[in-house]
Colleague: 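I'd like to ask some things about the structure below.
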Number of protein chains: 2
Amino acid sequence: MAAGEPTLILAEGFSADTHYGKTMRGVLRYRRQDVVAILDSERAGEEESGMPIVGDVAAALAFEPRVALVGVATQGGRFPPPWRQILADCVENGLSVENGLHQMLSDDPELRPLADRHGVELRDLRRPPDGLDCPTGENLEVSARIVLTVGSDCAIGKMTVSLELDRAARERGIASVFVPTGQTGIAIAGWGISVDAVIADFVAGATERLVVEGARRGGELLWVEGQGSLVHPAYSGVTLGLFHGSVPHALVLCHRAGTTEVEGYPGHPLPPLADLVRLHEAVSLRARPARVVAVALNTGGLDEATAVEAIEDAARETGLPTADPVRHGAASLLDAVLAATG
Amino acid sequence: MAAGEPTLILAEGFSADTHYGKTMRGVLRYRRQDVVAILDSERAGEEESGMPIVGDVAAALAFEPRVALVGVATQGGRFPPPWRQILADCVENGLSVENGLHQMLSDDPELRPLADRHGVELRDLRRPPDGLDCPTGENLEVSARIVLTVGSDCAIGKMTVSLELDRAARERGIASVFVPTGQTGIAIAGWGISVDAVIADFVAGATERLVVEGARRGGELLWVEGQGSLVHPAYSGVTLGLFHGSVPHALVLCHRAGTTEVEGYPGHPLPPLADLVRLHEAVSLRARPARVVAVALNTGGLDEATAVEAIEDAARETGLPTADPVRHGAASLLDAVLAATG
């Protein structure tokens with residue numbers, strides 16, 4: 001979404017869901033100033049993170065939104081059927097729609113003409129740019145230090161960790177840039193490519209473009225938003241293409257404390273953190289070997305004492321600086337990254 | 001290509017190239033009975049593997065082709081400019097065109113109407129099927145034994161190894177099926193999905209479909225055509241998505257004897273074979289751990305004594321049964337796979 005546009009977040013059925021509602025949560029945290037309301041008929045009249053929840057588009061109009069942002073990330077990236085009416089209601093009430101799912105609204109045979117009639121835009125954040133190709137090697141020539149967040153699973157906070165580290169670095173006066181690689185990151189930062197939506201052969205090439213662009217935007221320290229996990233049975237290919245295309249100098253390993261299985265994939269256990277560290281380092285390109293230099297532990301939902309204990313356990317298991325940047329601030333992780341990357 | 005269609009292989013500028021001409025070579029080896037001529041103006045009048053080479057489409061007509069198969073695989077999957085005239089000549093002379101590059105001919109604003117006027121087909125082998133999604137877990141329920149070829153680089157013979165092992169297994173009366181995952185495999189077998197051309201998020205899901213389909217076709221032993229390499233700076237994402245989506249019980253590691261660097265990517269060294277074995281096993285899903293059970297060494301171009309020495313070296317380095325199935329037959333590799341997979 002463009003900065004300053006009053007935004008209604010569409011989160012029908014998912015506003016209380018930390019996994020599929022991650023776009024909503026990311027935007028509420030990092031672009032809150034533009035959000036005017038959240039739509040979820042199951043929670044109409046309640047609040048979420050201090051923001052009013054409305055039951056339908058008619059009720060949202062009192063908050064004068066100009067844009068409706070699809071705030072959910074469904075598995076497979078398609079719209080649940082009840083959403084069609086909500087999207088049509090938005091368009092008919094003059095709201096542009098910003099969508100990060102794989103299903104492209106601007107190709108939709110009903111919504112496209114409806115949007116044209118009402119003079120509003122259908123912006124598909126995951127639409128790949130034209131002319132993607134394989135990497136040229138320009139990624140290895142970028143002079144910035146490149147740090148990628150990796151993790152044990154999807155939706156555990158890789159984007160959040162990158163954003164927190166970027167903010168902490170900028171607060172120290174470092175020429176730091178967050179490099180968005182997915183729909184929520186793009187919605188927050190206003191640029192980027194959703195690398196999971198490009199043709200599989202071009203994931204690394206698309207990522208190369210992003211690190212080159214991050215440097216062009218003045219970044220001397222780039223925080224590349226990670227995607228998926230090397231051990232995820234559905235998304236690991238995106239993870240490795242992003243890893244090799246972004247040619248990171250260092251990795252920050254993200255994990256949600258206490259989880260032992262891939263979410264939504266019963267029977268797929270997560271390896272111990274120390275194994276994940278070794279696996280990532282082993283699969284890094286020999287032309288740009290990368291070390292895991294810190295662990296970012298998501299302790300959301302734990303009480304303080306349990307969280308501190310989980311952080312100490314992870315630090316002991318991996319031998320690496322470990323912190324929850326959301327709970328305790330990003331300073332110690334940033335120190336670890338700067339020490340490791342010179 | 002459909003079995004029995006007299007086929008002209010288009011290999012302009014690449015008929016002598018073992019890397020980019022791999023589609024031509026695969027079809028010449030495994031569907032030779034359908035090929036009538038090869039087009040390459042740089043070698044008109046010569047022969048390639050006993051097949052006549054013509055300089056243009058007009059000269060090819062003497063061989064009465066019905067289909068022109070694009071026999072090259074260019075980097076990035078686009079047509080070099082001189083090809084447009086060749087493709088138009090084919091269409092104007094009544095030949096359907098079968099194309100495995102990323103660039104879709106059936107979307108081409110000039111070729112599409114031209115083909116319609118001349119009543120011929122433009123078949124894009126890499127066009128993904130509709131309705132792709134993430135894996136559902138059905139791959140883990142397939143009762144067949146699944147063997148994936150992996151390798152140190154692209155275009156070193158993973159498809160060939162899978163085809164040779166499939167042929168050897170069928171000759172022993174085993175219900176064996178080759179599972180095509182790329183344009184050449186599809187051109188040879190007449191079915192499959194080019195997994196490098198699907199949306200990155202759906203590589204594993206597309207591969208799941210293929211192993212389910214291989215079992216539906218009666219396969220009790222499936223030979224999944226590998227793609228790319230875990231250490232390839234451009235294509236590793238496809239490799240890992242294919243690996244995790246095909247949930248192999250066993251891996252056959254393919255390597256071209258003597259190579260030490262990723263072809264076309266100077267500065268990207270290949271790890272030693274023993275490291276590659278460990279890397280593949282480490283990155284296999286915990287829900288379906290896979291071991292490398294044999295090494296297929298491509299000794300093309302070496303004399304017999306040097307080839308035997310290279311095979312012995314690779315066997316010693318990895319501690320695994322090693323052979324060149326093209327030079328010495330696939331029997332010993334098949335024995336190794338059957339012994340390891342029960």
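Per chain, numbering begins at 1; letters A, B, ... match sequence-line order.
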Colleague: Against chain A, label B:Pro271 side chain, backbone, both or neither, depending on which of its atoms sit under 4.5 Å from a heavy atom there.
Modeller: both
Colleague: Would you mind checking which part of B:Phe243 comes under 4.5 Å of any heavy atom in chain A, side chain (CB onward), backbone (N, CA, C, O), both or neither?
Modeller: neither
Colleague: Answer with side chain, backbone, both or neither: which region of B:Asn139 has an atom nearer than 4.5 Å to a non-hydrogen atom of chain A?
Modeller: neither
Colleague: Under 4.5 Å, counting heavy-atom pairs only, tell me which of B:Arg278, B:Gln227, B:Arg288, B:His268 racks up the most with chain A.
Modeller: B:His268
Colleague: Pick one of side chain, backbone, both or neither for B:Leu132, based on which atoms fall under 4.5 Å of a heavy atom in chain A.
Modeller: backbone
Colleague: Where is the tightest heavy-atom contact between B:Gly267 and A:Ala287, given as atom of each residue plus distance?
Modeller: O-CB, 3.4 Å
Colleague: Working to the nearest 0.5 Å, report the span between CZ of B:Arg126 and CD1 of A:Ile199.
Modeller: 8.5 Å
Colleague: Which region of B:Val195, side chain (C-beta onward) or backbone (N, CA, C, O), has a non-hydrogen atom less than 4.5 Å from a non-hydrogen atom of chain A, or is it both or neither?
Modeller: backbone
Colleague: Looking at A:His102 and B:Asp201, what are the two nearest heavy atoms and their distance?
Modeller: NE2-OD2, 2.9 Å
Colleague: Does atom CZ of A:Arg291 have more than 12 heavy-atom neighbours, drawn from other residues, nucleotides or ligands, at distances under 6.0 Å?
Modeller: no
Colleague: What's the shortest heavy-atom distance between B:Ala200 and A:Val203, and which atoms?
Modeller: CB-CG2, 3.4 Å
Colleague: For a quick test of reading the model, state the closest non-hydrogen atom pair linking B:Pro233 to A:Pro135 and the distance between them.
Modeller: O-CG, 3.7 Å
Colleague: Can you give me the closest heavy-atom contact between A:Leu230 and B:His244, atom names plus distance?
Modeller: O-CE1, 3.1 Å
Colleague: Output the distance between atom OH (B:Tyr235) and atom CG (A:Leu240), rounded to the nearest 0.5 Å.
Modeller: 14.5 Å
Colleague: To check you understand the geometry: which heavy-atom pair defines the closest contact between A:Ala204 and B:Ala234, and what is its length?
Modeller: CB-O, 3.7 Å
